S.K.: 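The structure is given below, and queries will be raised subsequently.
Computed from a predicted structure; not experimentally measured. Position 1 is the first residue of the sequence; numbering continues from there.
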Amino acid sequence: MKITILCVGKIKEKFYTQAVEEYVKRLGRYASMEVLEVADEKTPDKASDHECDLIRQREGTRLLHQIEGRHAYVIALAIDGKAMDSVELSEQLHDCMVSGCSHIIFVIGGSLGLSQEVLRAADLRLSFSRMTFPHQLMRVILAEQIYRAFRIMNHEPYHK
């Protein structure tokens with residue numbers, strides 16, 4: 001199984017990078033995980049709704065370019081997506097695997113979220129909360145939950 005975390009922008013804080021790398025390493029027993037980054041757009045202060053839409057579209061085009069042709073199950077992180085607990089996420093990933101899917105791409109948007117085109121291209125919209133999280137921190141949270149999901153799938157201690 002291959003897992004890709006596809007996201008907008010680079011992580012600036014070293015501690016976030018180290019945390020993601022730790023979960024990538026732990027997950028290596030179960031699946032390979034990579035993190036792919038696309039460039040983010042600079043958002044001007046007091047950007048209009050139109051400017052924000054254009055920024056999401058530009059970032060979305062970059063994300064879609066990375067998704068196209070990969071024959072993967074795409075899960076977009078979105079506030080209005082389906083809420084799941086850790087066991088349900090584990091079951092979702094397991095269902096993907098047993099149905100023949102060998103690649104899952106999780107998509108994390110930039111500071112303005114994901115374009116409608118990316119959301120439409122997703123097989124599933126997943127919500128971690130109705131709260132907004134920094135997209136850099138979301139990578140850590142997502143990587144940890146993917147690792148937790150595989151531990152649950154394998155009936156191994158970690159999940160409580």
Side-chain angles (χ1 to χ4, degrees), residues 1-38 40 59-60 62-160:
M1 169 62 63
K2 181 176 182 178
I3 308 280
T4 299
I5 298 177
L6 176 60
C7 39
V8 174
K10 296 195 177 296
I11 291 183
K12 295 169 182 73
E13 290 83 3
K14 186 176 181 180
F15 58 90
Y16 286 140
T17 303
Q18 291 171 330
V20 171
E21 288 170 354
E22 177 63 25
Y23 287 111
V24 168
K25 182 175 90 176
R26 289 182 187 189
L27 190 63
R29 295 179 49 204
Y30 312 102
S32 67
M33 183 160 62
E34 67 176 341
V35 178
L36 290 178
E37 299 171 334
V38 300
D40 59 345
E59 291 173 346
R62 292 181 191 122
L63 291 167
L64 290 169
H65 179 72
Q66 293 296 321
I67 293 170
E68 292 169 354
R70 289 189 181 243
H71 306 292
Y73 187 82
V74 178
I75 301 174
L77 275 58
I79 289 174
D80 65 346
K82 181 178 180 181
M84 295 182 184
D85 63 23
S86 297
V87 173
E88 290 169 322
L89 178 61
S90 178
E91 291 167 351
Q92 178 71 42
L93 298 182
H94 181 263
D95 290 348
C96 285
M97 290 167 50
V98 297
S99 68
C101 177
S102 62
H103 189 187
I104 299 173
I105 299 175
F106 289 88
V107 185
I108 302 173
S111 60
L112 298 176
L114 293 168
S115 70
Q116 288 302 310
E117 293 80 11
V118 173
L119 292 171
R120 280 192 295 272
D123 297 295
L124 172 69
R125 293 182 191 184
L126 176 63
S127 174
F128 274 73
S129 172
R130 288 183 17 209
M131 291 185 243
T132 302
F133 296 103
H135 57 279
Q136 297 175 357
L137 177 59
M138 197 62 232
R139 292 185 204 187
V140 178
I141 295 168
L142 176 59
E144 188 279 335
Q145 284 298 305
I146 294 168
Y147 172 69
R148 182 181 297 270
F150 275 88
R151 297 287 293 194
I152 292 168
M153 260 185 257
N154 288 283
H155 308 289
E156 295 174 348
Y158 179 74
H159 175 66
K160 301 204 182 338

S.K.: To the closest 0.5 Å, what do you measure between NZ (Lys82) and CD1 (Ile75)?
M.R.: 10.5 Å
S.K.: What residues form a salt bridge (charged side-chain N to carboxylate O under 4.0 Å, His left out) with Glu21, not counting sequence neighbours?
M.R.: none
S.K.: Would you say the side chain of Phe106 lies within less than 4.5 Å of the side chain of Met138, judging by non-hydrogen atoms?
M.R.: no
S.K.: Which heavy-atom pair separates Ile3 from Ala31 by the least distance, and what is that distance?
M.R.: CG1-CB, 4.2 Å
S.K.: Show me the pairs that pass salt bridge (charged side-chain N to carboxylate O under 4.0 Å, His left out) and involve residues 86-115, at least two apart or across chains.
M.R.: none
S.K.: Verify salt bridge (charged side-chain N to carboxylate O under 4.0 Å, His left out) between Arg62 and Glu59, making sure each step is shown before the conclusion.
M.R.: CA-CA 5 Å; Arg62 292 181 191 122; Glu59 291 173 346; 5.5 Å; no
S.K.: Say you draw a straight line from CD of Gln145 to CZ of Phe150; how long is it, rounded to the nearest 0.5 Å?
M.R.: 13.0 Å
S.K.: Roughly how far, to the nearest 0.5 Å, is CD1 of Ile141 from NE2 of His135?
M.R.: 13.0 Å
S.K.: How close do Met33 and Ala143 get, counting heavy atoms only, and between which atoms?
M.R.: CE-CB, 4.0 Å
S.K.: Which heavy atom of Ala19 sits nearest a heavy atom of Val140, and at what distance?
M.R.: CB-CG1, 3.8 Å
S.K.: Answer whether the closest heavy-atom distance between the side chains of Leu64 and Val118 falls below 4.5 Å.
M.R.: yes
S.K.: Look up atom OH in Tyr147 and atom NZ in Lys25, then write down how far apart they are to the nearest 0.5 Å.
M.R.: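 Between atom OH of Tyr147 and atom NZ of Lys25 there are 10.5 Å.
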S.K.: How many angstroms lie between OG1 in Thr17 and CD1 in Ile11, if you round to the nearest 0.5 Å?
M.R.: 4.5 Å
S.K.: Apply salt bridge (charged side-chain N to carboxylate O under 4.0 Å, His left out) to Glu34 and list each qualifying residue two or more places apart in sequence or on a separate chain.
M.R.: Lys2, Arg70
S.K.: Do you know the tightest heavy-atom contact between Leu114 and Val107?
M.R.: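 That would be CD2-CG1, 3.7 Å.
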S.K.: Quick one, Leu77 and Phe128 - any side-chain contact, counting heavy atoms below 4.5 Å?
M.R.: yes
S.K.: Once you round to the nearest 0.5 Å, how far does CE of Met84 lie from CG of Leu124?
M.R.: 4.5 Å
S.K.: To check you understand the geometry: which heavy-atom pair defines the closest contact between Ala149 and Ser90, and what is its length?
M.R.: O-OG, 2.8 Å
S.K.: How would you list all residue pairs meeting side-chain hydrogen bond (donor to acceptor under 3.5 Å, both in side chains) that involve residues 96-115, not counting sequence neighbours?
M.R.: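 Matches after skipping sequence neighbours: Thr4-His103, Ser115-Glu117.
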S.K.: Which heavy-atom pair separates Val74 from Ala121 by the least distance, and what is that distance?
M.R.: CB-O, 4.3 Å
S.K.: Residues two or more places apart in sequence or in another chain: which of them pass salt bridge (charged side-chain N to carboxylate O under 4.0 Å, His left out) with Asp80?
M.R.: Arg125
S.K.: Just grab all the salt bridge (charged side-chain N to carboxylate O under 4.0 Å, His left out) pairs involving residues 135-145, residues at least two apart or on different chains.
M.R.: Glu37-Arg139, Glu144-Arg148
S.K.: Is the shortest side-chain heavy-atom distance between Leu89 and Leu126 below 4.5 Å?
M.R.: yes
